[in-house]
Novice: 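Here it is, the structure, as structure tokens.
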Amino acid sequence: MKITLNKKEILNILKTFAKQNKYGPEIEKNIFFELQNDILTLKNSNFDTIISANILLENENNFKNNFTLNAKNFENIIKQIKDENFYLLINQDDININGCSLEKITNQNYQEVADSLQDKNINFILSIKANLFIETIKQALAHVSPDNKRWDLSGVGIDAKNNFLNIVATCGSTLYKSAINSDL
């Protein structure tokens with residue numbers, strides 16, 4: 001099975017995953033890929049939250065597959081690609097990215113993360129578009145207080161409620177508020 005992906009879109013998703021994970025003491029170093037018909041879903045976790053991004057594929061496929069790849073190896077290969085788009089060739093035992101082979105990791109690794117999350121009574125699991133999330137956070141950061149003495153206003157508030165990811169930021173004189181609808 002061969003699918004074509006956009007380099008910039010994938011790198012933005014990986015950047016979002018890395019930001020989400022840098023605050024967690026235990027970082028999931030693998031990315032779970034799930035291919036169902038014309039949607040490729042990438043998932044990552046830091047044992048507190050699962051974050052996922054959906055990519056709508058141009059060619060509609062009647063194909064289902066899932067696999068796990070090492071996040072750093074995947075990112076390093078993509079960064080070396082000079083073209084705007086690259087292809088992912090899904091074989092039985094490995095993944096081929098523009099001629100570079102990556103070994104699949106057993107899905108048991110990701111399943112263990114998902115099982116451990118169930119035990120912790122996670123409040124929410126949302127599926128949102130990575131580029132929309134990144135743009136919303138960038139806009140919110142413009143309203144964060146630059147005064148490092150005001151710790152309560154030095155970040156972006158993120159809350160999930162009723163299938164929406166609510167994002168709020170304020171510097172004390174301006175307020176930014178946005179809600180992203182979940183794909184789930």
Novice: Do Leu89 and Ile3 have side chains that approach each other closer than 4.5 Å (heavy atoms only, starting at C-beta)?
Specialist: no
Novice: Just to verify, what does Asn85 make a side-chain hydrogen bond (donor to acceptor under 3.5 Å, both in side chains) with, not counting sequence neighbours?
Specialist: Asn6
Novice: Would Ile81 and Ile97 count as a side-chain contact (heavy atoms from CB on, under 4.5 Å) if you check the C-alpha gap in whole Å, the side-chain angles of each, and the deciding distance to 0.1 Å?
Specialist: CA-CA 9 Å; Ile81 296 171; Ile97 300 172; 3.7 Å; yes
Novice: May I ask whether Leu5 and Ile78 are part of the same hydrophobic cluster, defined by side-chain heavy atoms of I, L, V, M, F, W, Y residues being less than 4.5 angstrom apart, directly or through others?
Specialist: yes
Novice: Hey, does Asn54 have a side-chain heavy atom less than 4.5 Å from the side chain of Leu40?
Specialist: no
Novice: Give the ring-plane orientation class for Phe33 versus Phe67, where under 30° counts as parallel, over 60° as perpendicular and anything between as tilted.
Specialist: parallel
Novice: Evaluate side-chain contact (heavy atoms from CB on, under 4.5 Å) for Ile158 paired with Ile137, printing each intermediate quantity in order.
Specialist: CA-CA 10 Å; Ile158 300 176; Ile137 291 295; 4.0 Å; yes
Novice: Heavy-atom distance under 4.5 Å between the side chains of Ile31 and Leu69, does that happen here?
Specialist: no
Novice: Between Ile10 and Ile55, is there a side-chain heavy-atom distance shorter than 4.5 Å?
Specialist: yes
Novice: Measure the spacing between OG1 of Thr170 and OH of Tyr176 and express it to the nearest 0.5 Å.
Specialist: 13.0 Å
Novice: Where is the tightest heavy-atom contact between Lys43 and Glu34, given as atom of each residue plus distance?
Specialist: NZ-OE1, 4.1 Å
Novice: Is there a side-chain contact between Leu35 and Leu57, using heavy atoms and a 4.5 Å cut-off?
Specialist: yes
Novice: Against the six-membered ring of Tyr87, is Lys2 placed for a cation-pi contact (under 6.0 Å from the centre, within 45° of the normal)?
Specialist: yes
Novice: Check whether any side-chain N or O of Asn70 sits under 3.5 Å from a backbone N or O of Asn73 as a donor-acceptor pair, and report yes or no.
Specialist: yes
Novice: How about Phe32 and Leu42: do any of their side-chain heavy atoms sit closer than 4.5 Å?
Specialist: no
Novice: Where is the tightest heavy-atom contact between Ala140 and Ala169, given as atom of each residue plus distance?
Specialist: O-CB, 3.3 Å
Novice: Of all heavy-atom pairs between Leu11 and Glu75, which one has the smallest distance, and what is that distance?
Specialist: CD2-CG, 4.2 Å
Novice: How far apart are the closest heavy atoms of Asn91 and Asn96, and which atoms are they?
Specialist: ND2-CB, 4.4 Å
Novice: Distance from Ile134 atom CD1 to Asn12 atom CG, nearest 0.5 Å?
Specialist: 4.0 Å
Novice: Roughly how far, to the nearest 0.5 Å, is CD1 of Ile167 from NZ of Lys177?
Specialist: 12.0 Å
Novice: So which atom in Gln139 and which in His143 form the shortest heavy-atom distance, rounded to 0.1 Å?
Specialist: O-CD2, 3.3 Å
Novice: Within the structure provided, determine whether Phe74 and Leu102 are in side-chain contact (heavy-atom separation under 4.5 Å).
Specialist: yes
Novice: How long is the span from the CD1 atom in Ile77 to the SG atom in Cys100, to the nearest 0.5 Å?
Specialist: 4.5 Å
Novice: Looking at CD1 of Ile90 and CD1 of Ile95, how far apart are the two atoms once the value is rounded to the nearest 0.5 Å?
Specialist: 5.0 Å
Novice: Where do Phe164 and Ala179 come nearest, in terms of heavy atoms and distance?
Specialist: CD2-CB, 3.9 Å
